[in-house]
There are 2 protein chains.
Amino acid sequence: MSLRHAVLGVLAAREMTGYELSRFFDSSAGWLWSAGHSQIYPLLGKLVDEGLVTGSEGVRGEHLRRVSYRITEAGENELQRWVGTVHQAAPEKDPFWLQAVFLDQLEPPLARAVLTAYAETQREAAERAGAHAVELRAGRTPLVRERLSRRSEDEHHRITGLKAGVFAAQAAIATTRAEQAEALVELLGD
Amino acid sequence: MSLRHAVLGVLAAREMTGYELSRFFDSSAGWLWSAGHSQIYPLLGKLVDEGLVTGSEGVRGEHLRRVSYRITEAGENELQRWVGTVHQAAPEKDPFWLQAVFLDQLEPPLARAVLTAYAETQREAAERAGAHAVELRAGRTPLVRERLSRRSEDEHHRITGLKAGVFAAQAAIATTRAEQAEALVELLGD
DNA sequence: TGTTACATGTAAGCAGTTACATGATTTT
DNA sequence: AAAATCATGTAACTGCTTACATGTAACA
């Protein structure tokens with residue numbers, strides 16, 4: 001149920017084609033959600049059916065069909081309704097910590113390798129998220145610029161601050177994960 | 001792919017029926033994985049087919065059929081292979097932080113309500129995980145006891161320490177999530 | 001006698017991943 | 001001329017959730 005609102009949220013910033021949305025959600029830039037194009041295209045059709053977005057066909061070059069999707073007022077309302085709702089969090093399901101709870105069955109050196117590899121990926125994720133927060137705060141990300149262009153000047157600082165705060169939060173959480181994995185290494189013995 | 005190894009990991013501690021496994025994974029005790037019984041029963045059948053567990057039929061009372069599942073040597077090997085493998089982490093997909101990145105569209109009081117509600121559930125999750133870590137360290141959880149009974153005395157401290165460490169890590173991560181959500185409240189303005 | 005716990009399954013549907021399939025346009 | 005990028009779809013499969021379905025045993 002989240003992808004539809006992720007798409008609505010992006011389209012609320014600016015009009016996009018399915019291809020552009022696919023790029024945006026392609027496990028790429030360390031954004032907050034990801035999806036393949038095989039999930040995007042059918043979803044856009046459904047969103048059109050529901051009246052939450054409209055698609056306008058155009059062409060690229062002479063023959064290449066491209067459909068640009070824009071959020072409707074109904075779509076904006078639905079997005080706001082969803083954002084303003086307290087959703088109960090699904091029970092945590094992190095494969096790594098499941099794996100970690102069975103690490104006692106391994107030779108300590110192998111267990112250490114598993115833990116440090118995880119810690120490193122989390123350190124990297126933290127760095128990416130932190131860098132993105134800096135970019136956002138400086139107003140250097142294109143999507144936020146477009147979003148700001150339709151808001152009053154005095155809101156700009158608040159908006160970029162909030163969005164940067166979300167990525168700073170991602171960085172802090174990833175850092176805690178790395179630290180905790182490293183703390184487990186100390187308990188390994190040997 | 002994780003549920004099969006979660007099940008193998010539990011069965012490595014002791015023999016269980018499908019019903020007991022269902023109880024164990026029923027989103028309950030704040031454990032590390034969850035699944036409904038409709039997922040458990042078919043999976044146990046597959047694991048038997050693959051030779052990773054064996055099921056022995058028995059009865060409860062006069063007529064109630066119950067099958068007790070035990071891990072095989074092949075199952076123990078598969079579990080150890082999985083635990084000793086570095087798996088690349090799937091891209092983060094947390095619906096809450098997706099929601100958070102759109103909070104600028106809300107009236108600050110409503111946004112604050114969403115953030116504090118999340119922070120509170122994370123504080124509660126942290127408390128549950130922390131309490132579980134204490135129980136584990138004290139050796140008061142039944143499953144770990146059975147696990148320890150098949151290990152040498154001098155390993156007991158290391159094993160309980162590691163497992164407790166995993167739940168302490170869960171607590172630390174949940175606490176960071178709560179703190180970060182609370183930090184966002186400060187950026188809300190108004 | 002009624003309720004709770006024990007016990008085991010199947011079916012429908014949704015979300016998500018990987019693979020299949022095709023073709024135009026731009027860049028090197 | 002070849003490769004990368006733009007562009008849009010469908011199909012098969014896996015994992016998971018929710019609902020359907022059935023019946024026994026223990027307890028109050």
Side-chain angles (χ1 to χ4, degrees), chain A residues 1-8 11 15-28 31-50 53 55-69 82 87-95 98, chain B residues 1-8 15-29 31-50 53 55-69 82 87-95 98:
Chain A
M1 292 260 85
S2 292
L3 180 59
R4 47 189 318 111
H5 296 105
V7 166
L8 289 176
L11 292 182
E15 207 177 345
M16 275 194 192
T17 66
Y19 184 76
E20 286 174 298
L21 282 164
S22 295
R23 297 264 89 182
F24 198 85
F25 287 105
D26 238 32
S27 59
S28 58
W31 210 67
L32 300 162
W33 207 261
S34 61
H37 73 274
S38 65
Q39 223 184 329
I40 302 282
Y41 288 115
L43 174 61
L44 286 167
K46 281 180 217 159
L47 292 175
V48 169
D49 290 347
E50 293 169 36
V53 307
S56 61
E57 273 197 44
V59 282
R60 157 115 183 197
E62 296 289 292
H63 307 285
L64 198 51
R65 188 171 77 97
R66 43 176 279 148
V67 187
S68 200
Y69 294 92
W82 180 78
H87 305 280
Q88 83 226 56
E92 263 312 301
K93 274 187 173 183
D94 188 326
L98 176 65
Chain B
M1 293 260 83
S2 292
L3 180 60
R4 48 192 314 117
H5 297 104
V7 166
L8 288 176
E15 208 178 342
M16 276 194 189
T17 67
Y19 184 76
E20 286 175 297
L21 282 164
S22 297
R23 298 264 90 184
F24 198 86
F25 286 105
D26 239 32
S27 57
S28 58
W31 210 67
L32 298 162
W33 207 261
S34 62
H37 73 275
S38 65
Q39 224 185 329
I40 302 283
Y41 287 115
L43 174 62
L44 286 167
K46 280 179 218 162
L47 292 176
V48 169
D49 291 346
E50 294 169 34
V53 307
S56 60
E57 273 197 45
V59 281
R60 157 112 178 196
E62 296 289 293
H63 306 286
L64 197 50
R65 188 172 76 98
R66 44 174 278 148
V67 186
S68 200
Y69 294 92
W82 180 78
H87 305 280
Q88 82 227 55
E92 263 315 300
K93 273 188 176 183
D94 188 326
L98 177 65

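The chains referred to below are lettered A, B, ... by the order of the sequence lines, with proteins before strands, and numbering in each begins at 1.
- Between A35(B) and I40(B), the shortest heavy-atom distance links the atoms CB-CD1, 4.3 Å.
- For the ring-ring contact (aromatic ring centres under 6.0 Å, His included) test, residues two or more places apart in sequence or in another chain that qualify with W82(B) are H5(B), H87(B).
- Here the CG atom belonging to L44(A) is positioned 8.0 Å from the OG atom belonging to S22(A), to the nearest 0.5 angstrom.
- Between P42(B) and E20(B), the one whose closest nucleotide on DNA chain C sits nearer the 5' end is E20(B).
- Rounding to whole angstrom units, CG of residue L21(A) and C1' of dA7(D) are separated by 13 Å.
- Minimum atom distance to the side chain of R23(A) is reached by dC6(D), of the listed dC16(D), dC6(D), dA7(D).
- Checked by distance alone, S38(B) brings a side-chain donor or acceptor within 3.5 Å of a matching partner on the base of dT18(D).
- Where the helix from dT1(C)-dA28(D) to dT28(C)-dA1(D) starts and where it ends, the local axes point in directions that differ by 30°; five pairs per end, rounded to 10°.
- Take E57(A) and apply the side-chain contact (heavy atoms from CB on, under 4.5 Å) test, not counting sequence neighbours, and it matches R65(A), V67(A).
- Residue Y41(A) places at least one side-chain N or O closer than 4.0 Å to OP1 or OP2 of dT8(D).
- To the nearest 0.5 Å, atoms CG (L11(A)) and CG (L47(A)) are separated by 8.0 Å.
- Contact check, Q39(B) against dT17(D): a side-chain N or O comes under 4.0 Å of OP1 or OP2.
- Under the salt bridge (charged side-chain N to carboxylate O under 4.0 Å, His left out) criterion, the residue pairs touching residues 33-50 of chain B are R4(B)-E50(B), with sequence neighbours excluded.
- Contact footprint of chain B on DNA chain C: nucleotides with an atom under 4.0 Å from a non-hydrogen protein atom, first to last in 5' to 3' order, dA5(C) to dT17(C).
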Just the table, please: protein N/O against nucleotides 24-28 of chain D N/O, every pair under 3.5 Å.
residue : atom : partner : partner atom : Å
dA25(D) : OP1  : E62(B)  : N            : 2.7
dA25(D) : OP1  : H63(B)  : N            : 2.4

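- Atom OH of Y69(B) is separated from atom CG of L8(B) by 13.5 Å, given to the nearest 0.5 angstrom.
- From R23(A), atom CZ reaches atom CE of M16(A) across 12.5 Å, with rounding to the nearest 0.5 Å.
- When each of W33(B), Y19(B), W31(B) is tested with F24(B) by the rule ring pair (Phe, Tyr, Trp, His ring centres under 6.0 Å), just one qualifies, namely W31(B).
- The distance from the CD atom of E62(A) to the CG atom of L64(A) is 11.0 Å, given to the nearest 0.5 Å.
- Taken from CD in E92(A) to CG in D94(B), the straight-line distance is 7.0 Å, to the nearest 0.5 Å.
- The nearest whole Å value for the distance from the CG atom in L98(A) to the P atom in dC16(D) is 11 Å.
- Applying the 4.0 Å criterion to OP1 and OP2 of dT17(D), one finds that K93(A) has a side-chain N or O inside that range.
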